[in-house]
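Counting convention: from 1, in listed order, for ligands and their atoms alike. Being a predicted model, the structure only gives us computed values, none of them experimental.
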Amino acid sequence: MPDTEALQLRGLTKIYPGGVQALHGVDLRVQAGAFYALLGPNGAGKSTTISIVASLLNKTAGLAQVYGFDLDTQLAQAKRCIGLVPQEFNFNSWEKVRDILIYQAGYYGIRRREALPRSEYLLRELDLWEKRSVPSRTLSGGMKRRLMIARALMHQPRLLILDEPTAGVDIEIRRHMWGFLRELNAAGTTIILTTHYLEEAEALCRDVAIIDAGRIIEQGKVAELLSRAQVETFVLDTQASEQTLGTLSTDAGPVAARWSAAHQLEVVLPRGTQLHPLLAQLDAQGIAVTGMRNKSNRLEELFLRLVTQDPTA
Ligand SMILES: Nc1ncnc2c1ncn2[C@@H]1O[C@H](COP(=O)(O)OP(=O)(O)OP(=O)(O)O)[C@@H](O)[C@H]1O
Ligand SMILES: [Mg+2]
């Protein structure tokens, strides 16, 4: 069995009943052991792709293989390899937290005797042990998200797919979840996640694909993509109001600048540009800069440029 590839998609196409074409031939290869980010704007096709892989949704055309198992001909084996954390909560809200995990294990033929210690381990890891006996509807949003992760891991899948795992999760718990996912990946589980927090993709993932309007528009190592992010946008706080700007330049050439709010100027600069000349020119125009920050992280810059095709976005 070819087991070096955790996921292979070729020409994956989806046309929803009613005619919306969500996927236009998606090609994707994810190596076993990868920590992979699938990024894209709302409606790009991320959840559609994931739902097809997890066989919650039928594809219209194309090939999908999970650890070499073809979804069309070896569905049961493929399913056994996958743990899915869907974007929407979908557990029975009246069931108790621990029971949800035990029932899930039952779907995979895991007996209660084995499921109990596994559920305890996961509930403790995900900080839900205290909540094990309450109905799931009484959990907070962030707790429900963690319960979904615990449930997806009950049968020890080789590939964990998370659709927006940290949406609505506070920063402290998010960091805790990152640690947990890193350990899981280090222990050999392949992880694919979608996220709208690009800093999350940058912090966790080694590989990334960017999907837009149902097509993969970029794919590669996070580090390589980042090294291609050639410009940075800075936000400068000033004491001036939105006065007309004179010419601005640095060693690298003319500088694009615009007022983005009262007293706030945005400038786009090539990476590594010396800032002193720019600040001096602004000062000479009566614009005193009192603070500055990077508008977004580098992956965000790159992402915005790719999906909007706007060099100053
Ligand atoms: N059940 C459905 N019926 C018809 N069209 C759908 C259905 N689900 C999704 N779509 C459409 O398919 C496209 C892709 O949606 P999808 O949910 O895969 O996007 P996404 O990348 O996950 O977006 P988000 O970041 O908002 O979660 C969108 O145009 C969406 O409207
Ligand atoms: Mg989605």
N, O or S of Q87 under 2.8 Å from the Mg ion (ligand 2): yes
2.8 Å cut-off met by an N, O or S atom of N42 to the Mg ion (ligand 2): no
Minimum-distance pair of heavy atoms, taken over all atoms of P86 and M148: O-CE, 3.1 Å
Residue H196 vicinity, atoms of ligand 1 by number, heavy atom under 4.0 Å: 25 (O)
Pair H263, Q239: side-chain N/O donor-acceptor within cut-off below 3.5 Å: no
Side-chain donor-acceptor pair present, R10, Q8, cut-off under 3.5 Å: yes
Any side-chain donor near an acceptor of the partner, T290 and D237, under 3.5 Å: no
Part of P17 with heavy atoms under 4.0 Å of ligand 1, whether side chain, backbone, both or neither: neither
Identity and distance of the protein heavy atom lying nearest atom 17 (O) of ligand 1: S47 CB, 3.7 Å
Heavy-atom protein contact below 4.0 Å for atom 4 (C) of ligand 1: yes
Electrostatic pair E114-R118, nearest N-O below 4.0 angstrom: no
Closest protein heavy atom to atom 23 (O) of ligand 1, given as residue, atom name and distance to 0.1 Å: G43 N, 2.8 Å
Test item: side-chain donor near acceptor, Y67 and T190, under 3.5 Å: yes
Ion pair check, K59 and D72, cut-off under 4.0 Å: yes
Closest protein heavy atom to atom 26 (O) of ligand 1, given as residue, atom name and distance to 0.1 Å: N42 ND2, 2.9 Å
Close side-chain approach of T166 to Y197, heavy-atom, < 4.5 Å: yes
Under 3.5 Å: N/O of A44 near N/O of ligand 1: yes
Side-chain H-bond candidate by donor/acceptor type, E266 with T233, under 3.5 Å: no
Protein heavy-atom partner closest to atom 30 (C) of ligand 1 - residue, atom, separation in Å: V20 CG1, 4.9 Å
Proximal atoms of ligand 1 relative to A22 (non-hydrogen, under 4.0 Å): 12 (O), 13 (C), 14 (C)
Nitrogen or oxygen of E164 less than 3.5 angstrom from that of ligand 1: no
For atom 16 (P) of ligand 1, the protein heavy atom that lies nearest, with its residue and separation: T48 OG1, 3.6 Å
Any N/O pair G45/ligand 1 closer than 3.5 Å: yes
Minimum-distance protein heavy atom relative to atom 10 (N) of ligand 1: Y16 CE1, 3.3 Å
No-hydrogen, no-angle side-chain donor-acceptor test under 3.5 Å, E200 and W178: yes
